[in-house]
Peer 1: 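Could you have a look at this structure, given as structure tokens, before my questions?
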Amino acid sequence: MKKWGELALGIVTSIGGFLEVGSIATSAQGGAEFGYQLAWVLLLGTLSLAMLMEMTGRLAAVSKRTYADLLRERFGFRFFVVPLVAVFVVSLLVLMSEIGGVAIALQMASGIDFRWWAIPIALLGWFLLWRGNFSIVEQGTAMLGLVAISFAVGALVLHPTWPTLGRALLPSLPSHDHARYWYLAVAILGASISPYLYLFYSAGAVEDEWTIEHLSVNRVTAGAGNVFGGGLAIAALVTAALVLAPRGIRVEHYEQIALLLATPLGRTGFVLFIATLFVTCFGATLEIVLAMAYLLAQGFGWSWSENLKPGKDARFSTSYSVLILLAALPIALGADPLSLTNISMVLTAASLPVTVVPLLVLMNDGDILSSHVNGWPSNLALVVMGLLSLVLLVAALPLQLLGGG
Amino acid sequence: MSGRTVALSDLLGRVVRDADGRKIGRIEELNAEISLEQGRSDYVVTGFSVGHFEPFDVIATGNFVQQLVRRFVRATGYSRYEIPWDWMDLSDPEHPRALRRADELPRFG
Amino acid sequence: MGALRLFHDVIDAQLVDRHQEKIGRVDELLLELEEGKPPRVATIVIGGAARARRVGRWMVACHRAVHALFGQHEEHESRVQFEAVRCIADTIELDVEADALDSMHLEQWLATHIICRIPGASGERK
Amino acid sequence: MSAPRRALLALVALFVSAGCGSPPPLDKRLETLGSWTATMQLAKERHGAGAITVTYATQLRDAADEAFQQASTTIGSSARTRTDSAYAATALDSLRNAIRQLEAEIGS
């Protein structure tokens, strides 16, 4: 029975964990401006994330060591500095956007300007991390994250034309605004394939003391869980395509996105959207700040675990405490959450090579994975993923200039 | 008489030249074993692995690139010399020299 | 413990003390060279300065600047003789006490002065 | 510092400066104004159907107002010919009306 419990938990975690401010904002903007057409990018992002999480999960289950730990130990500190700095900077920006998302949700509900909510949100998040252990943080936010299913309900109520959606799952070129199309594609990929997701996932596998028996749970969690999560992001895109696009509404401010569910589902839709934005962004806030603390602690060899009392891992708990408050400052000072989100999503896409390419070496290292090394299909997928990440790195900056903002 | 001290990371990646001054590759690994002497059990370096990447040598300074290339590019120009410690002159740690010509050194790959 | 690969197995490895407490990583390994003798694996160095030196001058400058920012001018570095190594596996166990290491200064300072002053911080597991 | 790392830093620096581009062309401006007009109309309809709260609708109105103020001061620079200015004027008018109608809806 324990295996089924973990299976359900696994799926719940990735459903709840997938949607966050980045995927909601980029899917809404994509649907509003290009209808169904960008659905294939979400599919590509979801499958890539599922693959990367399966691999980092397998790495952690077999070797009992996290991805960040192996990155430092196998390649040396001189190399490790690059992913460390890149992922840290990018995750800090995404963390700010997530806190912005929660603040906007509270502003829409209360009418009090989002700036006032930033510090209280950070303090609440800090309190949960300080007192709660790993499973409370992971399962609590994921269970609540299921409210994101309201996007699927919203999309269904609007009766999407399935054949068009089916065709949109295949890559297609835009008819107008090429730079904007590819900019949103990069932002959507950045929103779905975020390094903190698989760093957190591999640390979670160690926190949950996974062993080789968990490889099947790992495959299902990384696979099915993420496909479910990606499905919700596609639902958000479809809802925007059916509500915003026909009316020529482009998403310039977060507030506009609430109309997505208020249109098909009335007042309940409006309330469900605010709950979804609040819960998914708050869950992501906890996940990102923990992932950053894990990255530092595992990289420098400090003691770390969300299951230990803070006194036992002082530098680890100081890190997440300082980071969550630091990330709340720009929002408290009035930084625009939507442009912050867009820039952080594109930067995330640009930072992918430093965490994807090293997997090529680690996942084929018999010392670490013994018989569980990558088969040729996984290696092929990883090489394609590595090339895609290099294309994103090169394309991100010009697209930010041409199609951004 | 305690001798000079050198940091391992200062040796890794250093270009090694053979007795004739020809570049034979970069230090990739140092192998060590326990030696029991005067009642002390110390680890001492028994040999140096010096890797050579014909086409990639320029970029193969970082260990990451070496591991990436070595793992996937068996065919092209990767070869490794295993140099015993007493054939390696470390008087100047920044310019390690092998005390034999390249063709006399045990070679793999 | 047979043959050892110093880069692969030792440097950057996770270190633990007698009680399996994590005490940092092997940030540098010092070898002692003596005429006519094989280089001896002498000292494990744990500390930010040694790490920074491995990356480059700009990193050393960054490291020093951050320390100065926090008003810390002396370097908290630990040099442990390689004889203290008890076991080498995924982690390297040293026959030392975490509290006795200078490189653990920040961990102890934070724990006593800040963390344990906040309720819910002391104790073993949540 | 090794070449790849210097390139990475240059890339990031370029990124930060990428935030501020040149003033958007007129059609983008008109699209934005049209988008906010449509947002006001949808908000009015949704509020009428009891789907959204007054608090939320007011925030949408404020955001639209801000877009309107910004456009009315800066649209002159993109509208060169007389026909452009005509388009700009009508777009501004329709947004102002849409905002007024929403205010009437949530005011009542």
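Proteins come first, then strands; the chains are lettered A, B, ... in the order of their sequence lines, and each starts at number 1.
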Peer 1: Does a salt bridge link C/Lys126 with A/Glu306, judged by any charged N lying under 4.0 Å from a carboxylate O?
Peer 2: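 Judged by the 4.0 Å cut-off on N to carboxylate O distance, C/Lys126 and A/Glu306 do form a salt bridge.
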Peer 1: Relative to chain C, which segment of A/Asp69 carries a heavy atom at a distance below 4.5 Å: side chain, backbone, both, or neither?
Peer 2: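 A/Asp69 touches chain C through backbone and side-chain heavy atoms alike.
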Peer 1: Any heavy-atom pair between the side chains of A/Ser317 and A/Trp130 that's under 4.5 Å?
Peer 2: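 Yes. Closest side-chain heavy atoms under 4.5 Å.
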Peer 1: Counting heavy-atom pairs under 4.5 Å with chain C, which one of A/Pro310, A/Ser321, A/Ser303 comes out on top?
Peer 2: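 Sorted descending by pairs with chain C, the first entry is A/Pro310.
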Peer 1: Are the side chains of C/Leu106 and C/His76 in touch, meaning some heavy atoms are under 4.5 Å apart?
Peer 2: no
Peer 1: Under a 4.5 Å heavy-atom cutoff, which of C/Ala52, C/Gly56, C/Ser122 has the most pairs with chain A?
Peer 2: C/Ser122
Peer 1: Taking A/Asn307, A/Asp313, A/Ile136 one by one, which has the highest count of heavy-atom pairs under 4.5 Å against chain C?
Peer 2: A/Asn307
Peer 1: Please examine the side chains of A/Leu359 and A/Tyr67, heavy atoms only from C-beta on, and report whether any two atoms are closer than 4.5 Å.
Peer 2: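 Yes. Closest side-chain heavy atoms under 4.5 Å.
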Peer 1: Given a strict heavy-atom distance threshold of 4.5 Å, which part of A/Arg65 is in contact with chain C: side chain, backbone, both, or neither?
Peer 2: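 Interface part for A/Arg65: side chain.
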Peer 1: Any Lys/Arg nitrogen of A/Arg72 or C/Asp12 sitting under 4.0 Å from an Asp/Glu carboxylate oxygen of the other?
Peer 2: yes
Peer 1: For C/Asp27, which atoms come within 4.5 Å of any heavy atom of chain A: side chain, backbone, both, or neither?
Peer 2: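 Contact with chain A is through both the backbone and side chain of C/Asp27.
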Peer 1: Among C/Arg54, C/Glu124, C/Glu107, single out the residue with the greatest number of heavy-atom pairs under 4.5 Å to chain A.
Peer 2: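 Most heavy-atom pairs within the cutoff with chain A belong to C/Glu107.
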Peer 1: Between C/Val16 and chain A, with a heavy-atom cut-off of 4.5 Å, which part of the residue counts as in contact: side chain, backbone, both or neither?
Peer 2: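 The answer is neither part of C/Val16.
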Peer 1: What option among C/Gln14, C/Met59, C/Arg51 has the most heavy-atom pairs under 4.5 Å with chain A?
Peer 2: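 Counting heavy-atom pairs under 4.5 Å, the top option is C/Arg51.
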Peer 1: Do C/Glu32 and C/Thr43 touch side chain to side chain, with heavy atoms closer than 4.5 Å?
Peer 2: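 With C-beta onward as the side chain, the pair stays apart.
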Peer 1: What part of C/Ile23 gets within 4.5 angstrom of chain A, counting heavy atoms only: side chain, backbone, both, or neither?
Peer 2: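 The backbone, not the side chain.
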Peer 1: Under a 4.0 Å N-O cut-off, is there an ion pair linking A/Lys64 with C/Asp90?
Peer 2: no
